[in-house]
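To start, I am sharing the structure in question, which I have written as structure tokens.
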Amino acid sequence: MRCTFLFLLVALSVNAVPTRIGITRLSAPVTIDGDLSDAAWSTVEGVDAFVEYYRGDNTEPPVKTIGRIAYDAEAVYVAFSSEDPRPGEIRAPLVDRDKVLGDQDYVAVLLDTLNERRSGVAFRVNPRGVQTDSVVNDATGEEDFSPDFFYQAVARRTPTGWSAELRIPLSSLRYPASDPQQWGVILMRNYPRDFRYIMANTPIPKNSGCFLCHASELFGLERLPSGSHFTLAPYSTANVSERASADGDLAIADRRFDSDLGLDFKWNPSTRLTLDATLNPDFSQLESDVPQIEVNSRFALSYPEKRTFFLEGTDLLSTPIAAAYTRSITSPAWGMRATGNAGGNAYTFLIAEDRGGGSVILPGPQGSDFAPQSFRSLVALGRVRRSFGESFGGVMVSAREVEGGGHNRLIGPDFQWRRNETDKVSGQFLVSSTENPDRPDLNEQFRGQSMNGHAYRVVFARDAKRYDLWAVSHEYSPGFRADNGFIVQNGVRRGAAWAGLRLYPKGFLSYLRPFAGTEYDAAFDGGETIRQAVQTGFDYEGRWGSVGWVMAGRVRERVGSKLLDRDQVVFEIRAAPLRWLPAISVYGQAGERLDYAGARVGRGGLLNISAATRVTDHLEMQLRTSREWLDIAVPRVPRSSSGSSGAGTRLFDARIDWLKATYTFSPRSLVRAIAQQTTIEREGSPRDRRASLSALYAYKLNWQTVFFVGYGDASITGDSGALTRESRSIFTKIAYAFQR
């Protein structure tokens with residue numbers, strides 16, 4: 001899944017050049033067991049000049065950390081010794097891979113192997129030895145946990161804290177063909193107690209809009225291999241499913257047995273080039289998409305990518321305009337991809353055949369429509385990025401050729417100019433050519449017509465120590481489409497500006513940012529107002545790992561031919577207060593809300609509440625409930641000439657309740673159960689209620705060698721109003737990664 005790494009951008013101040021770290025070439029082997037007493041480590045100089053940069057101002061850290069980094073002909077080795085004056089308070093749960101988050105103690109190394117300060121790969125481990133890896137994109141300020149890399153990590157508790165060792169194979173890293181090498185590196189430690197403290201081996205200024213640009217210089221890497229490495233990961237799935245007959249009787253259900261085969265292939269002919277291929281990639285995952293309420297929604301909802309083939313070089317397809325959204329490739333039959341670097345250029349290009357399914361997003365000025373993607377198509381997507389000092393420029397291309405006629409093609413440049421340490425300007429310009437398929441049976445817009453369009457987006461950002469500024473201008477012409485992307489609106493021009501003050505109080509709050517801003521959307525043709533907003537609020541960070549924001553204001557929005565005003569309050573609060581209560585989150589909207597179907601203003605709200613509790617270090621329970629409702633005032637016919645009265649009626653009430661229980665036996669093995677219920681009540685319609693239950697056992701030797709078996713069933717509201725089981729299934733998957 002994708003999430004904003006706010007803690008990287010709320011970085012703290014000191015005017016210092018990046019530090020330099022020498023890396024030692026090992027002459028003796030290291031056993032990866034969490035024990036740092038190996039003789040080889042005694043020859044590696046320790047890095048102990050850590051600063052606390054998240055809560056403090058690059059201050060003396062509350063605990064001592066020593067990092068060491070070394071390498072040999074096969075791997076990079078990283079060791080951490082993490083002292084703790086109260087070892088009993090260490091937060092060290094057993095969780096699934098990629099679930100080592102800010103509520104836990106962890107150490108991490110962030111490597112920028114291209115030495116461009118654009119993006120890097122982060123490797124984490126908590127005191128239980130659970131791994132989490134990610135790609136940090138400094139250009140967008142995001143950390144993507146979807147990509148996975150082969151590496152080892154082992155940790156162990158000690159009388160004075162805990163220690164960890166990581167072995168990162170050079171075959172998992174992408175670096176240029178130079179000798180000697182210079183990389184960027186940041187060693188980090190997360191320490192959640194009364195506050196969340198994050199420490200690093202290098203100072204991170206507050207008045208900086210980047211994080212990786214302050215990485216230490218890692219020097220001394222010589223004679224690195226450039227040879228070949230490949231991974232072949234075939235998989236097999238089987239599924240037995242039953243679907244109830246028309247009268248809801250599972251005893252005479254339609255029973256089916258399905259099986260499938262496929263594989264992913266990755267070859268690194270050199271460290272500068274990665275070739276990927278896939279046949280019938282599998283989309284079954286340990287985690288399904290998080291449910292979202294789609295009632296009274298004008299625009300499509302996005303979901304994270306999880307398929308291995310699409311995750312190589314993920315940062316290269318992230319640009320100011322969301323022109324690349326690989327989930328739009330719904331059912332690929334096959335795919336090929338090349339990702340690499342040469343000189344100051346980094347690139348990725350993929351081609352795949354999509355068998356169809358799902359929906360095509362048809363954007364508009366006031367909302368998006370959908371058309372069934374009931375056709376095969378050939379997809380091509382790629383981008384080249386070139387660095388110019390601390391700035392870069394790129395070019396993106398995208399095409400979808402529909403079988404039987406029709407296409408969508410686009411091309412255009414993008415850039416980021418970093419004027420100085422506080423100011424940056426980023427932007428993208430695209431032109432598109434579209435010919436709809438001649439399929440009016442799928443959508444009335446699919447009549448074979450052609451259209452051309454363009455889009456641009458330019459963003460200015462200033463991140464000063466005591467204030468910040470942000471402004472954007474963009475437009476999407478009526479004919480612009482990006483069928484391989486996630487563009488939900490066109491025919492609109494937008495301008496927006498926001499400003500905030502940055503305060504650093506002492507006490508319950510460690511950071512407070514009052515802000516205000518305005519946004520204005522106008523129709524591309526005619527200039528009529530589409531949306532206008534003036535809002536103010538504040539962000540904060542504080543005790544118990546709490547972060548949040550509150551925003552209030554007036555929004556004017558066009559619905560059909562009407563301009564409707566509403567006053568609203570929007571807020572989000574998250575915290576990780578205790579070891580047994582590691583996550584609480586509340587997101588809400590309150591006040592006046594719009595009925596988009598009826599073009600009316602009503603009163604209602606949206607509330608998402610989630611919490612997690614760890615009964616033991618092995619057992620975690622997660623609860624999420626979402627509710628959205630809208631009341632509309634309906635005038636009554638007067639009973640006398642004395643006047644009239646009005647009464648409110650509930651237009652809709654939608655709710656999702658979701659409960660997950662996970663018991664993690666070890667970093668490789670877990671069992672999980674999820675129960676979910678969705679209830680939607682609409683005015684004048686019977687209640688629609690759906691429920692599902694799933695259970696799964698998973699064993700993961702690594703992220704591509706897995707075995708899991710599970711059960712699932714689904715129920716819907718029957719004619720009697722009670723839940724009736726609609727379907728059930730048993731499934732299994734086996735995948736194994738062969739490496740050489």
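Side-chain atoms are counted along with the backbone in the values below, which use heavy atoms only and exclude waters and symmetry mates. None of the values given here were measured: they were computed from a predicted structure.
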Ignoring hydrogens and geometry, is there a side-chain-to-backbone donor-acceptor pair from Q373 to G357 under 3.5 Å?
-> yes

Lys/Arg N to Asp/Glu carboxylate O, R400 vs D483, below 4.0 Å =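 So R400 does not pair with D483 through a salt bridge.
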
Nearest non-hydrogen partners of A482 and L410, listed with the distance |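 Scanning both residues completely, I find the closest heavy atoms to be CB-CD2, 3.5 Å.
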
CG-CG distance between L212 and D112, expressed to the nearest 0.5 angstrom |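 If we round to the nearest 0.5 Å, L212:CG and D112:CG are 5.5 Å apart.
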
Please report the C-alpha distance between S146 and L311 in whole Å, then the side-chain angles of each, then the deciding distance to 0.1 Å, and finally whether the side-chain contact (heavy atoms from CB on, under 4.5 Å) criterion is met.
-> CA-CA 7 Å; S146 298; L311 297 177; 3.7 Å; yes

Charged N to carboxylate O under 4.0 angstrom, R566 versus E592?
->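 Not counted as a salt bridge, because no side-chain N and carboxylate O are separated by less than 4.0 Å.
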
Given the rule in the side-chain contact (heavy atoms from CB on, under 4.5 Å) test, do Q535 and W498 qualify, once you have shown the distances and angles that lead to the verdict?
-> CA-CA 9 Å; Q535 301 179 95; W498 293 84; 4.1 Å; yes

Got a sec, which residues hit salt bridge (Lys or Arg N to Asp or Glu O under 4.0 Å) with D521, two or more places apart in sequence or on another chain?
-> R494

With sequence neighbours left out, what residues match Q428 under side chain to side chain contact (heavy atoms under 4.5 Å, CB included)?
->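 With neighbours one apart ignored, the set is T319, P320, I321, M396, D414, L430.
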
Distance from L362 atom CG to E444 atom CD, nearest 0.5 Å?
-> 10.0 Å

Excluding sequence neighbours, so at least two apart, what forms side chain to side chain contact (heavy atoms under 4.5 Å, CB included) with S331?
-> D354, R355

Nearest non-hydrogen partners of D525 and P478, listed with the distance | OD2-CG, 3.5 Å

Looking only at side chains, do S119 and N137 share a donor and an acceptor under 3.5 Å apart?
-> no

Trace of the salt bridge (Lys or Arg N to Asp or Glu O under 4.0 Å) decision for R600 with D595 | CA-CA 5 Å; R600 298 174 291 181; D595 168 24; 2.8 Å; yes

Pairing of R650 and D631 as salt bridge, 4.0 angstrom limit | yes

Does the side-chain hydrogen bond (donor to acceptor under 3.5 Å, both in side chains) test come out yes or no for Y467 and R462, once each step is laid out?
-> CA-CA 8 Å; Y467 71 97; R462 170 173 290 178; 3.2 Å; yes

Closest heavy-atom pair and its distance - L110, G120 =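 The pair with the smallest heavy-atom distance is CD1-C, 3.8 Å.
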
Output yes when R409 and E401 qualify as a salt bridge under the 4.0 Å nitrogen-oxygen rule, no when they do not.
-> yes

Would you please test F415 and V425 for side-chain contact (heavy atoms from CB on, under 4.5 Å) and show each step?
-> CA-CA 8 Å; F415 70 93; V425 181; 4.0 Å; yes

Does the side chain of P363 reach to within under 4.5 Å of the side chain of R481, using non-hydrogen atoms?
-> yes

Would you check if D653 and R627 make a side-chain contact, meaning some heavy-atom pair closer than 4.5 Å?
->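 Yes, their side chains come closer than 4.5 Å.
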
Are the side chain of R439 and the backbone N or O of P437 linked by a donor-acceptor pair below 3.5 Å?
->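 Such a contact is absent between R439 side chain and P437 backbone.
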
Scan for ring-ring contact (aromatic ring centres under 6.0 Å, His included) pairs involving residues 446-466, sequence neighbours excluded, and state none if there are none.
->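 Listed by first then second residue: H454-F524.
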
Check R447 against P440 and note the closest heavy-atom contact, atom names and distance.
-> NH1-CB, 3.7 Å

Within the distance-only criterion (no hydrogens, no angle test), does the side chain of T518 pair as donor or acceptor with the backbone N or O of A533 below 3.5 angstrom?
->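 Yes, because the side chain of T518 sits within donor-acceptor range (under 3.5 Å) of the backbone of A533.
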
Determine whether N608 and E572 make a side-chain contact, defined as any pair of heavy atoms from C-beta on separated by less than 4.5 Å.
->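 In short, these two side chains do not touch, never coming nearer than 4.5 Å.
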
Between D276 and M336, is there a donor-acceptor pair closer than 3.5 Å when you use the side chain of the first and the backbone of the second?
-> no

Answer yes or no: is there a donor N or O on one side and an acceptor on the other, between the side chain of N436 and the main chain of Q445, under 3.5 Å?
->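 Pair found, side chain donor or acceptor close to backbone of Q445.
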
So, S318 side chain and D315 main chain: donor-acceptor pair closer than 3.5 Å or not?
->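 Such a contact is absent between S318 side chain and D315 backbone.
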
Residue pair R385, E116: steps toward the salt bridge (Lys or Arg N to Asp or Glu O under 4.0 Å) verdict = CA-CA 11 Å; R385 182 186 68 201; E116 293 180 336; 3.6 Å; yes

Side-chain donor or acceptor of N484 paired with backbone N/O of A399 under 3.5 Å =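 Yes; at least one donor-acceptor contact below 3.5 Å.
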
Sequence neighbours excluded, the answer for ring pair (Phe, Tyr, Trp, His ring centres under 6.0 Å) partners of H474 is Y476

Does K424 come within less than 4.0 Å of D463, counting only side-chain N to carboxylate O?
->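 Salt bridge absent between K424 and D463.
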
Find out whether V601 and R593 are in side-chain contact, i.e. whether some heavy atom of one side chain is under 4.5 Å from a heavy atom of the other.
->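 Of all side-chain heavy-atom pairs linking R593 with V601, none is under 4.5 Å.
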
Kindly compute the distance separating OG1 (T274) from CD (E312), expressed to the nearest 0.5 Å.
->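 The distance works out to 4.5 Å.
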
Student check: side-chain heavy atoms of R556 and Y520 closer than 4.5 Å | no

Considering all heavy atoms, the nearest S391-Q416 contact |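 That closest heavy-atom pairing would be CB-O, 3.1 Å.
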
Partners meeting side chain to side chain contact (heavy atoms under 4.5 Å, CB included) with P372 (sequence neighbours left out) =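 Side chain to side chain contact (heavy atoms under 4.5 Å, CB included) list for P372, sorted by chain: S374, L442.
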
Contact check, side chains of R272 and R174, non-hydrogen atoms, under 4.5 Å = no

Using the side-chain hydrogen bond (donor to acceptor under 3.5 Å, both in side chains) rule, take S134 and D144 through it: C-alpha gap first, then chi angles, then the decisive distance, then the call.
-> CA-CA 5 Å; S134 61; D144 187 356; over 6 Å; no

Could you tell me whether the side chain of D688 and the main chain of I680 form a donor-acceptor pair under 3.5 Å?
-> no

Spatial distance of atom CG (L279) from atom CH2 (W334) [nearest 0.5 Å] =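 Output value for this atom pair is 10.0 Å.
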
Do C210 and E421 touch side chain to side chain, with heavy atoms closer than 4.5 Å?
->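 Of all side-chain heavy-atom pairs linking E421 with C210, none is under 4.5 Å.
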
Side chain R513, main chain R502, donor-acceptor under 3.5 Å = no

Closest heavy-atom contact between R337 and G313?
->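 The pair with the smallest heavy-atom distance is NH2-O, 4.0 Å.
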
Quick one: OG on S426 to CZ on F392, what's the gap to the nearest 0.5 Å?
->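 That separation rounds to 7.5 Å.
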
Crowding at CD, E390 (>12 non-hydrogen neighbours, <6.0 Å) = no

Will you find, in the side chains of N115 and R117, an N or O donor that is under 3.5 Å from an N or O acceptor?
-> yes

Applying side-chain contact (heavy atoms from CB on, under 4.5 Å), run through E628 and F652 and close with a yes or a no.
-> CA-CA 8 Å; E628 185 175 0; F652 70 85; 3.9 Å; yes

Distance, nearest 0.5 Å, that separates CE of M451 from CG of N408 = 9.5 Å

Does L317 reach the side chain of L381, with side-chain heavy atoms less than 4.5 Å apart?
->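 L317 vs L381: side chains touch.
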
